[in-house]
There are 2 protein chains.
Amino acid sequence: MSINILVVDDEQSIADLIEVYLRNEGFTIYKFYNGQDASRCVESEQLELAILDVMLPDIDGFTLCQKIREKHKFPVIMLTAKEEEIDKITGLTLGADDYITKPFRPLELVARVKAQLRRFTKYNSPEPKQEERLIAFSGLVLDMDTHECTLNEKKLSLTPTEFSILWVLCSNRGRVVSSEELFQEVWGDKYFTNSNNTVMVHIRHLREKMHDSAEHPKYIKTIWGVGYKIEK
Amino acid sequence: MSINILVVDDEQSIADLIEVYLRNEGFTIYKFYNGQDASRCVESEQLELAILDVMLPDIDGFTLCQKIREKHKFPVIMLTAKEEEIDKITGLTLGADDYITKPFRPLELVARVKAQLRRFTKYNSPEPKQEERLIAFSGLVLDMDTHECTLNEKKLSLTPTEFSILWVLCSNRGRVVSSEELFQEVWGDKYFTNSNNTVMVHIRHLREKMHDSAEHPKYIKTIWGVGYKIEK
DNA sequence: AGCCCATCTTAATAAAACCTTAAGGTTTTA
DNA sequence: TAAAACCTTAAGGTTTTATTAAGATGGGCT
């Protein structure tokens, strides 16, 4: 399924901003302007991460954070205005995993969210690798650990090969990847007999599952004579 | 190999303070009390990071920041007084990487500087500079990675051969390239059969896509008896 | 083991996109 | 004015990619 993130901030503009940016990365957002509603959401939904403002009209962020910690292990990121610096230590020791002061760059927030998700999923898998294990951008989410893929919050069931190909394309998003390169990356084979046809067939299947087409590609584009490409 | 940091603040005491602390960490500091001098420094020196005050007597920090972003990727940290908070978002979206309000604790500044440098070098270290993969000059942009070509912000869709020819012409811009040379570079063939006609046809197509003409060439000029040339 | 199922590969064919050729026209040079 | 160099055009050939379906593989299950 998709990756669910809770966002709580009484400043609507900020909550909305966060929502836009994270949704753009393909995450599913549960957004609330107060602690009560958020608290209810924590119990009803299966969450992967929470972003909490410290200052809330009803319940404050710390309390909410503690409440989450009683039952869940997913990462919590706290938001705070600069002036509240004093409380930093308190917040962190109360179980928050990261801490962002306002104002923040949206992209930095996105980066931190991904970092936490990475860290969290890594926690549950014994693989001690440093490389990226989660790719999320423009509605696409690829999770190396669970081998799951989500497109616009809808799960795609991909075969291993399909997943690998999409992974390679996505981790090189914005640049053309040739069939040869794809073949090497996915099959690890240098001596590929003339049958990069295989790659093509898998691309075809991928496009099908993504409701994409070769003529009017929304995701996987063909660059004639060069290779395939996914836009940033 | 020292790490060069630009510091700009019209309040001399602050600039000096920053200098002391950062120098103490082993950084090399380029310190200025106005935007003009700083601007000049950006062009002449190889910088790793910049700390800019928002309020400067001549050029303001945001403008300077933008100017840096046009040509450089190193991190920029903005300094501002509390009262100027309103502009925060503006400043952040204009490309700054971090934001510190005055008054600040020097050690926090040092920490942030290090954080930015870490982030920056981390992003840049895995990909060491290779050969040119992007050519951009006078309205023309050729990107080898995306295989895209843009002319005056309008995308041209070129075939592989056309792209190659234009690439060769552009990477030799300012100098005449003969058909033979073009043929060798693009086709990699030494024994090119009697007619460079093929090259000519491709040039023709290129000119067409560039809305160029042989009679009044804006881009690809014919140097009679020698070859083709693109102006710098 | 033997069968089923999902997946992968191969192969054959179709459809694009692209490249080359050649023929005739135009401009430049001597 | 003729020869040489260049330009234009379009048809036919080639290469690359897409599609499809059938055969191969291999793991899981009875």
Side-chain angles (χ1 to χ4, degrees), chain A residues 147 149 156-169 176-189 191-230, chain B residues 147-149 156-169 176-189 191-229:
Chain A
H147 244 249
C149 169
L156 305 182
S157 71
L158 304 181
T159 70
T161 312
E162 283 160 13
F163 184 89
S164 296
I165 288 181
L166 191 55
W167 180 270
V168 172
L169 285 178
V176 190
V177 183
S178 68
S179 315
E180 288 86 349
E181 207 181 330
L182 265 177
F183 196 87
Q184 280 195 31
E185 290 280 351
V186 175
W187 280 263
D189 200 346
Y191 325 97
F192 69 111
T193 56
N194 202 357
S195 69
N196 57 355
N197 182 4
T198 303
V199 174
M200 246 159 41
V201 174
H202 285 293
I203 293 272
R204 160 90 174 103
H205 292 151
L206 263 176
R207 292 215 249 234
E208 197 166 299
K209 289 182 181 175
M210 296 169 88
H211 301 288
D212 206 357
S213 81
E215 294 150 15
H216 299 293
K218 286 174 293 187
Y219 308 106
I220 304 176
K221 285 181 182 153
T222 304
I223 313 297
W224 220 90
V226 191
Y228 297 96
K229 181 180 125 185
I230 263 187
Chain B
H147 239 253
E148 276 178 351
C149 169
L156 306 182
S157 71
L158 304 181
T159 71
T161 312
E162 284 159 13
F163 186 89
S164 296
I165 288 181
L166 191 54
W167 181 271
V168 172
L169 285 178
V176 191
V177 182
S178 69
S179 308
E180 288 84 351
E181 206 182 330
L182 263 178
F183 198 88
Q184 280 197 28
E185 289 279 352
V186 175
W187 279 263
D189 203 343
Y191 327 97
F192 71 116
T193 55
N194 52 32
S195 74
N196 50 3
N197 185 7
T198 302
V199 174
M200 249 161 35
V201 173
H202 285 294
I203 293 273
R204 157 85 178 115
H205 290 151
L206 263 177
R207 293 215 250 234
E208 194 167 303
K209 289 182 181 176
M210 297 170 87
H211 301 289
D212 206 356
S213 79
E215 295 146 18
H216 299 292
K218 287 175 293 187
Y219 307 105
I220 303 176
K221 285 177 183 156
T222 304
I223 312 299
W224 230 85
V226 190
Y228 298 96
K229 181 179 134 184

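Fair warning: this is a prediction, and the values are worked out from it, not measured in the lab. Just so we're on the same page: letters track the sequence lines, and every chain starts at 1.
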Check the orientation of A:His202 and A:His205. Use parallel for under 30°, tilted for 30 to 60°, and perpendicular for over 60°.
perpendicular
Any side-chain N or O of B:Thr222 less than 4.0 Å from the OP1 or OP2 oxygen of D:dA5?
no
So do the side chains of A:Leu166 and A:Met210 get within less than 4.5 Å of each other, counting heavy atoms only?
yes
Distance below 4.0 Å between A:Trp187 side-chain N/O and C:dT9 OP1 or OP2
yes
So, is A:Tyr228 near the phosphate of D:dA18, with a side-chain N or O under 4.0 Å from OP1 or OP2?
yes
Side chain of A:Thr198 only, please: which of C:dC8, D:dT19, C:dT9 is the nearest?
C:dT9
When you measure from the side chain of B:Asn197, which nucleotide among D:dA18, C:dT29, C:dT21 comes out closest?
C:dT21
May I ask you to verify if any side-chain N or O of A:Thr159 is less than 4.0 angstrom from the OP1 or OP2 atom of C:dC8?
yes
For DNA chain C, please output the secondary structure as dot-bracket, reading 5' to 3'. Pairs are Watson-Crick or G-U wobble, both atom distances under 3.5 Å; mark crossing pairs with [ ], other-strand partners with |, unpaired with a dot.
||||||||||||||||||||||||||||||
Do A:Ile165 and A:Trp187 make a side-chain contact, defined as non-hydrogen atoms from C-beta onward lying under 4.5 Å apart?
yes
Would you call A:Thr161 and A:Thr198 a side-chain contact if the rule is heavy atoms closer than 4.5 Å?
no
Quick one: A:Glu162 CD to C:dT9 C1', roughly how many Å, whole number?
13 Å
If only atom types and distance count, is the side chain of A:Asn196 paired as donor or acceptor with the main-chain N or O of A:Glu180 below 3.5 Å?
no
What is the distance from CH2 of A:Trp224 to P of D:dA18, rounded to the nearest Å?
10 Å
Round to a whole Å and report the spacing from CG of B:Asn196 to P of C:dT20.
13 Å
Proximity to DNA chain D (any heavy atom under 4.0 Å), residues of residues 200-207 of chain B only:
B:Met200, B:Val201, B:Arg204, B:Arg207
Between NE2 of B:His216 and C1' of C:dT27 the distance, given in whole Å, is 13 Å
OP1 or OP2 of C:dC8 versus the side-chain N and O atoms of A:Thr161: is any pair under 4.0 Å?
yes
Under 3.5 Å, which donor-acceptor pairs do the side chains of residues 220-228 of chain B form with other protein atoms, sequence neighbours left out?
residue  : atom : partner  : partner atom : Å
B:Lys221 : NZ   : B:Glu231 : OE1          : 3.0
B:Thr222 : OG1  : B:Arg207 : NH2          : 3.2

